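Data first, discussion second: the structure below is written as structure tokens.
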Amino acid sequence: GLLQRMPLIHPIPGSAYPTPATRPSFSVLDKDSTWRALNTEGLHWRVQLRSMLQELKGYSLSRSLLVTGAAGFIGANFVHYWRSQHPQDRIVAFDALTYAGNRANLLALEGTEGFHFVHADICDYDKVLATLREHAVDTLLYFAAESHVDRSITGPDAFIETNVVGTHSLLKAAREY
């Protein structure tokens, strides 16, 4: 199939192009190698493209997203938007439900297929890692940052904890995963 043939495509230097047009010093594809790898020699490219797309129809292209800060204003709006545009994707809403998060923002999605809510703090490395593994997350969106300036003046510790320690914990768990 197509996916088995793809590794046979090798890059070539830009100087190998037949036209004098300005090109990058390194091109992504060599036309002849590509045609051989995709078995398209002698076929019109549109016919072969249709054939390849038919072959790919059986593959799932859905994502599994972990959205931190998902119950906040920006996070919740993103989750609703994404669900409306990509209903096949799984969404894991991850939120500590502090002053800025409200689970009611996500009530319309509760109980729907492919939506999961996790009440946890991004500073909890073990919980973040377990969630990444449990839901086979392949896309991570970070909306958990403390961003209210007036609160940073009266309570800077929460900002440091979430924005520095929490971000580090999240990145460390993602790297481990």
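None of the values given here were measured: they were computed from a predicted structure.
For residues 91-105, the salt bridge (charged side-chain N to carboxylate O under 4.0 Å, His left out) pairs, not counting sequence neighbours, are Arg103-Glu110.
Between Phe78 and Leu65, the closest side-chain pair of non-hydrogen atoms falls below 4.5 Å. Annotation: side chain of His135 is not in contact with side chain of Arg90 (no heavy-atom distance under 4.5 Å). Under the 4.5 Å side-chain criterion, counting only non-hydrogen atoms from C-beta, Phe117 is in contact with Leu97.
With sequence neighbours left out, the ring-ring contact (aromatic ring centres under 6.0 Å, His included) criterion links Phe115 to no other residue. Applying the side chain to side chain donor-acceptor pair (under 3.5 Å) criterion to Asp121, with sequence neighbours excluded, gives no partner residue. Under the ring-ring contact (aromatic ring centres under 6.0 Å, His included) criterion, His80 pairs with no residue at all, not counting sequence neighbours. For Glu176, the salt bridge (Lys or Arg N to Asp or Glu O under 4.0 Å) partners are Arg133, not counting sequence neighbours.
Closest of all the heavy-atom pairs between Ala70 and Ala93 is CB-CB, 3.4 Å. Nearest heavy-atom pair across Ala76 and Asn105 is CB-CB, 3.6 Å. Between Ser169 and Cys123, the shortest heavy-atom distance links the atoms OG-O, 3.5 Å.
Proximity of a side-chain donor or acceptor of Thr131 to a complementary backbone N or O of Lys127 within less than 3.5 Å is detected.
Hydrophobic cluster of Phe94: the remaining members, joined at side-chain heavy-atom separations below 4.5 Å, are Leu66, Val92, Val118, Ile122, Tyr125, Val128, Leu129, Leu132, Val137, Leu140, Tyr142, Leu170, Tyr177, listed by chain and number.
Residues Leu107 and Phe73 fall into different hydrophobic clusters, defined by Ile, Leu, Val, Met, Phe, Trp and Tyr side chains chained together at heavy-atom separations under 4.5 Å. One hydrophobic cluster holds both Ile74 and Val67 under the rule that ILVMFWY side chains link at heavy-atom gaps under 4.5 Å.
For His168, the NE2 atom counts as loosely surrounded, since its 6.0 Å shell holds 12 or fewer non-hydrogen atoms of other residues, nucleotides or ligands. Residue-environment remark: CD (Gln88) exceeds the threshold of 12 foreign heavy atoms within 6.0 Å.
Between the CG atom of Asp138 and the OG atom of Ser62 there is a distance of 8.0 Å, given to the nearest 0.5 Å. Atoms CG and CZ, on Leu109 and Arg83 in that order, are 6.5 Å from each other to the nearest 0.5 Å.
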